[in-house]
K.L.:
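Below is one structure. I have some questions about it.
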Amino acid sequence: MTATTETARTPEPERGSAIADESVAQTARALHSPVVDWFTAHARDLPWRRPEAGAWGVMVSEFMLQQTPVNRVLPVYEQWLRRWPRPADLAAEPPGEAVRAWGRLGYPRRALRLHGAAAAIAERHGGDVPREHPQLLALPGVGEYTAAAVASFAYGQRHAVLDTNVRRVFARAVNGKQYPPNATTAAERKMARALLPEDESTAARWAAATMELGALVCTARTPACGQCPIVQQCAWQLAGAPEHVGPSRRTQTYAGTDRQVRGKLLAVLREAVGPVPQAALDRVWGDSVQRARALDGLVADGLVEPLPGGVYRLPLS
DNA sequence: TAACCGTGGGC
DNA sequence: TGCCCAAGGTT
């Protein structure tokens with residue numbers, strides 16, 4: 001059994017004065033070179049960072065990496081791109097095939113949305129992943145982060161890329177706090193924009209570098225400050241690395257939730273070759289009320305297709 | 001806005 | 001062991 005967590009943290013103090021802005025700009029200039037140089041030396045050789053990955057490879061990786069660790073994404077990513085090297089290849093297959101190939105990455109609605117994004121790309125964009133942030137944002141499953149990430153990593157554009165890693169790096173290095181706020185704030189977006197290097201290609205490199213720093217060094221639990229290229233300028237370190245004080249963290253249990261039941265139901269359908277009789281689904285969970293609710297939810301989400309006679313399968317459309 | 005949406009590994 | 005965490009998005 002496992003649990004997911006949510007964290008209640010105190011909001012950071014707001015500030016947006018001209019003096020503060022200039023201070024941020026000075027901070028930025030002092031951070032760019034060390035962070036980018038560190039990235040040059042220490043970046044992981046991940047398949048979606050290689051030139052041959054292309055924009056589609058970047059987009060696939062971004063979908064898979066939404067809340068799923070790199071190590072679990074790697075094998076599925078390789079299979080996925082081998083099978084569907086272009087968006088139109090994926091769009092040509094039923095959405096259920098995307099759900100099946102998603103395997104155990106979790107949050108299978110992402111598979112459905114990636115399939116939907118591929119279909120939209122094939123139909124509206126001539127089969128090429130769009131370059132513009134607004135067009136990316138309009139694709140299913142693409143939010144502010146993913147749109148900025150694809151535009152930056154795939155097309156070298158200048159965007160503030162604010163993921164959980166970057167938010168943590170900035171919270172510490174700039175704001176002197178152990179953790180960023182629970183939800184992304186306008187102040188964080190503003191700061192991220194202010195910290196962006198002017199030069200487009202440097203900005204894209206900075207985005208990748210700050211993410212990598214958060215993933216490898218400035219980690220959530222036990223940061224490796226001894227290996228940090230900006231430890232001497234880190235506001236959190238300079239403040240003595242104070243631990244978060246405030247509302248205690250709330251944890252949401254996973255065991256016994258509808259999510260767990262949905263996962264068990266979908267696992268049966270993923271591994272089945274053809275349609276699955278109701279009886280096979282009934283075996284995964286004892287509580288029939290909750291089981292029915294979970295199955296209804298999967299159908300409502302388009303992850304499962306009900307057939308006449310109490311038989312179910314992954315969706316063909 | 002807060003709740004919901006999977007799964008597995010580290011400590 | 002059980003909690004914490006992981007390149008978010010949608011409603």
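Residue numbering restarts at 1 for every chain, and letters A, B, ... go by the order of the sequence lines. No hydrogens, no waters, no symmetry mates; every other heavy atom, side chains included, goes into these values.
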K.L.:
Is A/Tyr145 close enough to C/dG9 that one of its side-chain N or O atoms is under 4.0 Å from OP1 or OP2 there?
P.N.:
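Indeed not, no polar side-chain atom of A/Tyr145 lies that close.
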K.L.:
Please state how far atom CH2 in A/Trp102 lies from atom C1' in C/dG9, giving the value in whole angstrom units.
P.N.:
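Distance, rounded to whole Å: 12 Å.
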K.L.:
Please check if atom CD in A/Glu144 has more than 12 non-hydrogen atoms from other residues, nucleotides or ligands closer than 6.0 Å.
P.N.:
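At most 12 heavy atoms, drawn from other residues, nucleotides or ligands, come within 6.0 Å of this atom.
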K.L.:
Select base, sugar-phosphate, or nothing to describe what A/Thr164 touches, counting heavy atoms under 4.0 Å on all strands.
P.N.:
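Counting heavy atoms under 4.0 Å across all strands, the contact made by A/Thr164 is with sugar-phosphate only.
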K.L.:
State, without any angle test, whether A/Arg205 and A/Thr40 hold a side-chain donor-acceptor pair at a distance under 3.5 Å.
P.N.:
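Yes, because at least one side-chain N or O of A/Arg205 sits under 3.5 Å from a partner of the opposite role on A/Thr40.
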K.L.:
Less than 4.5 Å apart, any side-chain heavy atom of A/Ser61 and any of A/Phe153?
P.N.:
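Answer no - side chains too far apart.
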K.L.:
Rounded to the nearest Å, what distance is computed from the CD atom of residue A/Gln260 to the P atom of nucleotide B/dG6?
P.N.:
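In whole Å, B/dG6 P lies 12 Å from A/Gln260 CD.
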K.L.:
Using a heavy-atom cut-off of under 4.0 Å over every strand shown, decide if A/Gly106 touches base, sugar-phosphate, or nothing.
P.N.:
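Base contact.
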K.L.:
Rounded to the Å, how far apart are A/Leu216 CG and B/dG10 C1'?
P.N.:
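Distance check: A/Leu216 CG to B/dG10 C1' gives 16 Å.
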K.L.:
Could you state the atom-to-atom distance from OH of A/Tyr107 to P of B/dT7 in whole Å?
P.N.:
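After rounding, the reported distance stands at 10 Å.
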K.L.:
What about A/Thr146, does its side chain sit under 3.5 Å from the base of C/dG9 through a donor-acceptor pair?
P.N.:
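It does not, because no donor-acceptor pair links the side chain of A/Thr146 to the base of C/dG9 below 3.5 Å.
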K.L.:
Mind calculating the distance between CZ (A/Arg109) and P (B/dC4) to the nearest angstrom?
P.N.:
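Distance check: A/Arg109 CZ to B/dC4 P gives 12 Å.
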K.L.:
Calculate the interatomic distance between A/Leu114 atom CG and C/dG8 atom P; express it in whole Å.
P.N.:
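These atoms are roughly 16 Å apart.
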K.L.:
Describe the nucleic acid contact of A/Ala220 in one word from base, sugar-phosphate, nothing, applying a heavy-atom distance below 4.0 Å.
P.N.:
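If one applies the 4.0 Å heavy-atom cut-off, A/Ala220 turns out to touch the sugar-phosphate alone, with no base involved.
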K.L.:
On the side chain of A/Arg259, is there an atom forming a donor-acceptor pair with the base of B/dT7 - under 3.5 Å, no angle test?
P.N.:
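By the distance-only test, no, there is no pair.
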K.L.:
Hey, which sits more toward the 5' end of DNA chain C by its nearest nucleotide, A/Gly214 or A/Arg113?
P.N.:
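So the residue in question is A/Gly214.
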K.L.:
Do A/Arg49 and A/Glu212 meet the salt-bridge criterion of a basic N to acidic O distance under 4.0 Å?
P.N.:
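Looking at A/Glu212 and A/Arg49, the cut-off is met.
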K.L.:
How would you label the contact of A/Leu266 with the nucleic acid (heavy atoms, under 4.0 Å): base, sugar-phosphate, or nothing?
P.N.:
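Answer is nothing: A/Leu266 stays at 4.0 Å or more from every strand.
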K.L.:
Does A/Arg221 get its side chain close enough to the base of C/dC4, under 3.5 Å, for a donor-acceptor pair?
P.N.:
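Flag set: donor-acceptor pair detected.
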K.L.:
Side-chain N or O of A/Gln67 less than 4.0 angstrom from OP1 or OP2 on C/dA6?
P.N.:
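False: A/Gln67 side-chain N/O out of range (4.0 Å or more) of C/dA6 OP1/OP2.
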K.L.:
Between C/dC5 and A/Tyr179, is there an OP1 or OP2 to side-chain N/O distance shorter than 4.0 Å?
P.N.:
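Affirmative; the distance criterion is met.
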K.L.:
Within the 4.0 Å heavy-atom criterion, would you say A/Arg104 contacts the bases, only the backbone, or no part of the nucleic acid?
P.N.:
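If one applies the 4.0 Å heavy-atom cut-off, A/Arg104 turns out to touch the sugar-phosphate alone, with no base involved.
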K.L.:
Could you work out which one of B/dT7, C/dG8, C/dA7 sits closest to the side chain of A/Ala215?
P.N.:
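Of B/dT7, C/dG8, C/dA7, C/dA7 is nearest to the side chain of A/Ala215.
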K.L.:
Determine the interplanar angle of the A/Trp48 and A/Tyr77 rings, folded into 0 to 90°, and report it as parallel if under 30°, tilted if 30 to 60°, perpendicular if over 60°.
P.N.:
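Taking A/Tyr77 first and then A/Trp48, their aromatic rings stand perpendicular (interplane angle over 60°).
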K.L.:
Report the distance from atom CZ of A/Arg293 to atom C1' of B/dC4, rounded to the nearest whole Å.
P.N.:
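Taking atom C1' of B/dC4 as the reference, CZ of A/Arg293 is at 13 Å.
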K.L.:
Between P on C/dG9 and CG on A/Leu162, what's the gap in Å once rounded to a whole number?
P.N.:
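Between P of C/dG9 and CG of A/Leu162: 11 Å.
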K.L.:
Closer to the 5' end of DNA chain B via nearest nucleotide, is it A/Asp258 or A/Thr222?
P.N.:
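Here A/Asp258 is the residue nearer the 5' end.
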K.L.:
Considering only the P atoms, how many Å lie between B/dC4 and C/dA7, rounded to the nearest integer?
P.N.:
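Looking at atom P only, B/dC4 and C/dA7 are 23 Å apart.
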K.L.:
Of A/Ala183 and A/Gln66, whose nearest nucleotide on DNA chain B comes first from the 5' end?
P.N.:
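That would be A/Ala183.
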K.L.:
So, is A/Arg168 close to the C/dA6 phosphate, meaning a side-chain N or O under 4.0 Å from OP1 or OP2?
P.N.:
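So the side-chain polar atoms of A/Arg168 do come within 4.0 Å of the phosphate oxygens OP1 or OP2 of C/dA6, strictly under.
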K.L.:
Hey, which of these two, A/Leu137 or A/Arg49, hits DNA chain C nearer its 5' end, going by closest nucleotide?
P.N.:
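So the residue in question is A/Arg49.
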K.L.:
Could you tell me whether A/Asp89 and A/Arg83 make a salt bridge, using a distance below 4.0 angstrom between a side-chain N and a carboxylate O?
P.N.:
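Not counted as a salt bridge, because no side-chain N and carboxylate O are separated by less than 4.0 Å.
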